[in-house]
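Report on the following structure.
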Amino acid sequence: MRNIIILVIAVVSIALVALAVQMRSEDRVADLETRPLFSDTQREIIDDLERIELRRGGQQVELEYRDQQWGVVNHYHYPAQRERIAALLHAVRGVRIVEDKTGNPEHHARLGLDPQAEGSEALEVILRDDEGDLSLIYGNTVGGGQLVRMRDQDQVWLVNRPFSMSVNPQDWLALSVIGLPMARLATARWEHADGEVVELDKAQEGDYNFRLVGVPAEVQAGNERSINSMVLALAQLRAQDVTLRSELALGEPMLRMQLSTFAGAELQASLHEIEGKYWLLIDQFDNPGEEPLAVNADARWAYQLNIGQVENLNKRREDLIRQAAE
């Protein structure tokens, strides 16, 4: 009986191995049967891209490569997310034709490939370099692929991967504005508009928890989370939106903030309320050392915050000290 069980297991194992080998072979055959969507000339445009436009319905996003970085043109050329740009380029460069479909333009609307059709969800992708452009239209998904055609051609192809990219410019903005590791921070100073000052420091480099300067340890014990969350709200800031400072009627800030690291880097920022919206400015950033610190200190920008972020930042001394029981 034992030998029979061993024999059955062996047979099943052999069958599974054979199935895996067959599936790999089929994948290799599928790769060999596909062909590149783009010609060598078209690939040159992709390799030297300077501008990308994505359009769907009434929405569009324009991206441009300038000064060694990609920016969102229809948002004051603010830096674009590198990860999204990389995903877009990877998707474009890796597209291959799986099967030729119809060449009849009368079928384009039904296949989601007519941008002019009523309620069309066709995605137009326009790729430009300094010498020419390449325009694609992506339509309905089919299995793990998607239908596509060149804008100036009627021929439709099924390609090997779907192309799903947002056409909302805000989704492309690199809104991770400040990235200062808490372990490297040494001091923090908050100054409110009415003159109240909150000062924080640490016992030593590498510590995570801040402490209130001049306040006995037993008074602030148990409030580490509240204290740290206030500093973290600035040190790891991700904005909700961004605009040019020149577009805002800036006055005196409601709060001035300062962070410094043990290595001597210093960040100064201010928080402003304008017509019920809250904007953070990075007023100064000095990094004399060689430690890599992620801060977008470009003086052109003002960063919009949500109310939760403002509540975390706008804490006073009494908010950070444990209240005695009544």
Side-chain angles (χ1 to χ4, degrees), residues 78 174-203 205 207-215 219-220 223-289 291 293-321:
Y78 184 81
L175 294 175
S176 293
V177 181
I178 303 174
L180 300 179
M182 286 286 283
R184 297 185 187 178
L185 295 177
T187 65
R189 187 179 190 275
W190 263 228
E191 182 179 350
H192 294 267
D194 60 5
E196 180 181 343
V197 175
V198 178
E199 290 186 287
L200 307 168
D201 67 6
K202 288 181 180 178
E205 186 173 2
D207 285 356
Y208 185 89
N209 293 328
F210 274 90
R211 61 188 182 185
L212 281 159
V213 175
V215 178
V219 176
Q220 54 184 304
N223 272 14
E224 291 84 2
R225 181 175 180 180
S226 180
I227 294 172
N228 292 333
S229 67
M230 183 184 79
V231 178
L232 192 63
L234 179 61
Q236 297 291 319
L237 182 79
R238 179 176 177 81
Q240 300 301 300
D241 202 353
V242 62
T243 192
L244 292 171
R245 296 188 191 186
S246 58
E247 298 289 316
L248 301 175
L250 294 168
E252 288 297 310
M254 58 184 284
L255 179 63
R256 296 184 187 274
M257 297 160 285
Q258 180 178 308
L259 296 176
S260 66
T261 70
F262 285 97
E266 184 175 292
L267 170 74
Q268 296 182 24
S270 55
L271 184 63
H272 300 251
E273 180 183 4
I274 303 174
E275 298 180 353
K277 295 183 178 180
Y278 297 92
W279 301 89
L280 183 134
L281 309 184
I282 297 179
D283 300 311
Q284 186 173 338
F285 177 62
D286 298 316
N287 186 18
E291 57 179 339
L293 300 174
V295 176
N296 188 346
D298 190 323
R300 293 176 296 168
W301 308 116
Y303 302 101
Q304 187 176 2
L305 307 187
N306 62 37
I307 189 63
Q309 292 173 297
V310 173
E311 289 176 350
N312 267 333
L313 289 171
N314 194 32
K315 291 180 180 177
R316 294 179 176 269
R317 193 180 184 88
E318 65 179 15
D319 298 321
L320 304 176
I321 298 176

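Residues: numbered from 1 along the sequence shown.
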*Among Val231, Val215, Asn209, which residue meets the side chain to side chain contact (heavy atoms under 4.5 Å, CB included) test with Leu200?*
Val231
_Minimal non-hydrogen separation, Pro253 against Ser270, with atom names_ = CB-CB, 3.8 Å
_Euclidean distance, Glu205 CD relative to Asp207 CG, rounded to 0.5 Å_ = 9.5 Å
_As a quick check of understanding, evaluate side-chain contact (heavy atoms from CB on, under 4.5 Å) for His192 and Leu255, giving each step before the final call._
CA-CA 5 Å; His192 294 267; Leu255 179 63; 3.7 Å; yes
*Under the side-chain contact (heavy atoms from CB on, under 4.5 Å) criterion, do Leu250 and Leu281 qualify, and how do the steps go?*
CA-CA 10 Å; Leu250 294 168; Leu281 309 184; 3.8 Å; yes
*Which value, rounded to the nearest 0.5 Å, describes the distance between Gln240 atom CD and Ile307 atom CD1?*
11.5 Å
*Out of curiosity, Ile178 CD1 to Leu267 CG, how far, rounded to the nearest 0.5 Å?*
5.0 Å
*Taking the side chain as every heavy atom from C-beta outward, state whether Leu234 and Leu313 have any pair of such atoms under 4.5 Å apart.*
yes
*Any side-chain heavy atom of Gln309 within less than 4.5 Å of one from Tyr278?*
no
*asked:* Using a 3.5 Å distance criterion without hydrogens, assess whether the side chain of Arg189 forms a donor-acceptor pair with backbone atoms of Val197.
replied: no
_For Ala188 versus Leu259, what's the shortest heavy-atom pair and its separation?_
CB-CD2, 3.6 Å
*Apply side-chain contact (heavy atoms from CB on, under 4.5 Å) to Gln268 and Arg256, showing your working.*
CA-CA 7 Å; Gln268 296 182 24; Arg256 296 184 187 274; over 6 Å; no
*Just how far is it from atom NZ of Lys202 to atom CG of Leu185, taken to the nearest 0.5 Å?*
5.5 Å
*Spacing of CD1 belonging to Ile321 relative to CD belonging to Gln220, to within rounding of 0.5 Å*: 7.5 Å
*Any Leu320 side-chain heavy atom under 4.5 Å of Lys315 side chain*: yes
*Does the side chain of Tyr208 come within less than 4.5 Å of Glu224's, by heavy atoms?*
no
_Given 3.5 Å as the limit, does a donor-acceptor pair link the side chain of Asp201 with the main chain of Ala186, or not?_
no
*Decide salt bridge (Lys or Arg N to Asp or Glu O under 4.0 Å) for Lys277 and Asp241; before the verdict, give the C-alpha distance in whole Å, the side-chain angles of both, and the deciding distance to 0.1 Å.*
CA-CA 11 Å; Lys277 295 183 178 180; Asp241 202 353; over 6 Å; no
*Is the closest side-chain heavy-atom distance between Val177 and Trp301 below 4.5 Å?*
no
*Between the side chains of Ser176 and Arg238, is a donor N or O closer than 3.5 angstrom to an acceptor N or O?*
yes
*What pair of heavy atoms forms the shortest contact from Phe210 to Asn228, and how long is it?*
N-OD1, 2.9 Å
*Would you say the side chain of Arg184 lies within less than 4.5 Å of the side chain of Leu293, judging by non-hydrogen atoms?*
yes
_Heavy-atom pair with the smallest gap, counting every atom of Met182 and Leu232_ = CG-CD1, 3.5 Å
*Tell me, yes or no, whether the heavy-atom count around Glu247 atom CD, taken from other residues, nucleotides or ligands under 6.0 Å, exceeds 12.*
yes
*Decide yes or no for Leu248 and His272: does some side-chain heavy atom of the first lie under 4.5 Å from some side-chain heavy atom of the second?*
no
*So, does Glu273 use its side chain to make a donor-acceptor pair with the main chain of Met254 at under 3.5 Å?*
no
*Okay, side chain of Glu196, backbone of Arg316: is any donor-acceptor separation there less than 3.5 Å?*
no
*asked:* Between Trp190 and Met230, is the side-chain contact (heavy atoms from CB on, under 4.5 Å) condition met? List the steps.
replied: CA-CA 10 Å; Trp190 263 228; Met230 183 184 79; 3.7 Å; yes
*With a 4.5 Å heavy-atom cut-off, do Tyr78 and Leu175 have their side chains touching?*
yes
*asked:* So, taking the atom named CG in Asn296 and the one named OH in Tyr303, what distance separates them when rounded to the nearest 0.5 Å?
replied: 3.5 Å
*Search all heavy atoms of Leu305 against all heavy atoms of Ala239 and return the closest pair with its distance.*
CD2-CA, 4.4 Å
